[in-house]
Amino acid sequence: MKKFPPVYKSDIVKYLSEKNTSGKMKEILQDYKIGKAYEYFKNGFLQEIFYHDIDARSKYCFLRAKCVPSQKIKEEEHDVWVCVEKATREIGSSYCTCTAGLGGTCNHVAGLLFRVEAANKLGASACTSLPCTWKVPSKIKGVKPTKIKDLRIIKSRHGQSGFVTENVEETVTKPVSEDITAYTIQDIKTKCNDQTDFLSNMPKYNESDIQKVMFSTIGQSSNEKWHEIRSGRLTSSNFYEIHTKVQSYKKKEGVTFDPLISRLMGYKKLNPNIRSLKHGREMEPEAKLCYLAGMKKAGHTDVNITECGIFLDKDMTYLGASPDILVDCVCCGLGVVEIKCPLVQKCGKCTTFCSCCVPDYLYVDGTRYS
């Protein structure tokens, strides 16, 4: 499983969307497929998944499994395979022996992808020196007749299991459409002659300016304006790296700042398909809901979380910070939340939540693990 490509829900949705029909029908079909496909995975219809890397030089890999038919479980199992690009997790093509599988996007295919996603979320696909334990679904041999009054009907919904057990909602705020070019470092430097002139003539911002930039950059990494405002500024996520680089320079003047400056200016960007980075992006929405549920459980009154963009300092306007969310409640007032979703390796022994590899600065349900 450690070789499984980093496929997540966003990749599954994208693939289903591109393969299906256009317009409103595509939206309806997509929602239906995701719901039913997730049931295939959740209820154990998908059997063990096999991985084939073709060869070490190939950038593609194959995932194959068998899936039990949902309506006629005693009939022959469907053969399902998916071709995925190893590095970028781009789903190239798929096939299933069911009738709908000829189109490449049947529920069995999506069910296989959801099972791979589950392995990535649980950390079962992360490299570890110990063997991973991942429960392989047993074959469905039959269904015993049950009276209707004794049936327990459960509708599985993606992302609504595990820690989040109550109905919680996040306040979604869309970015405003305003021209904020004048607030970029690139625009400011065009009005300056040299470095001294640049530092001495940095503009001062009022609360209206700060809020305008913040609301225009909601969405952060998925918003191009956020990247433009951030380019050239010293932001909170870079403070430590900047500090250590300056300290190194004080000890040894030959230390180069070029790589750091390249990242700060946005000339060089991190590969978004790095497994740990992608895991953090995909898990962040679930972490937000877990946080909100935890706040409500702790007794906070009228607690709400909202999206935000980048906040600029009103005096030293070359400084900025982008909290993951803003939190507000009657009892405590306003606050900011920073979310980290580390890709924790499973130890191979824990059958439920694995606490063995949790960083020692984290707490889980009030207990510190170290």
Ignoring hydrogens and angles, write down the donor-acceptor pairs under 3.5 Å from the side chains of residues 243-255, residues two or more places apart or on other chains.
residue : atom : partner : partner atom : Å
T244    : OG1  : Y240    : O            : 3.1
T244    : OG1  : E241    : O            : 3.0
S248    : OG   : T244    : O            : 2.9

*asked:* Check whether S58 reaches the backbone of I54 with its side chain - one donor and one acceptor, N or O, closer than 3.5 Å.
replied: no
*Y183 and T317: side chain donor to acceptor below 3.5 Å*: no
*Below 4.0 angstrom, N of the basic side chain to O of the carboxylate: do K288 and E307 qualify?*
yes
*asked:* Using only atom types and a distance under 3.5 Å, with no angle test, would you say the side chain of N238 pairs donor to acceptor with the backbone of L234?
replied: no
*For the side-chain contact (heavy atoms from CB on, under 4.5 Å) test, which of V327, L326, V337 pairs with I305?*
V327
_Geometric class of the F62/W81 ring pair [parallel <30°, tilted 30-60°, perpendicular >60°]_ = perpendicular
*Pick out which of E284, M283, E286 makes a side-chain contact (heavy atoms from CB on, under 4.5 Å) with I339.*
E284
_side chain to side chain donor-acceptor pair (under 3.5 Å) involving S231 - partner list, sequence neighbours excluded_ = Q186
*Below 4.5 Å, heavy atoms only, C-beta onward: do F50 and L63 meet side chain to side chain?*
no
*Inspect the contact between K212 and E178 and indicate whether a charged nitrogen and a carboxylate oxygen are less than 4.0 angstrom apart.*
yes
_Carboxylate-amine/guanidinium proximity below 4.0 Å for K66 and D79_ = yes
_For a quick check under 3.5 Å, do W226 and S322 share a side-chain donor-acceptor pair by atom type?_
yes
_Short side-chain to backbone donor-acceptor contact, Q220 and I310, under 3.5 Å_ = no
_Keeping Y15 on the side-chain end and E90 on the backbone end, is there a donor-acceptor pair under 3.5 Å?_
no
*Going by heavy atoms in the side chains, are L312 and I229 under 4.5 Å from each other?*
yes
*For D328, check salt bridge (charged side-chain N to carboxylate O under 4.0 Å, His left out) against everything at least two apart and list the hits.*
none
_Under a 3.5 Å distance rule, please check whether T184 uses its side chain to pair with a backbone N or O of T181 as donor and acceptor._
yes
*Say whether S237 and R230, considering side chains only, have a donor N or O and an acceptor N or O under 3.5 Å apart.*
yes
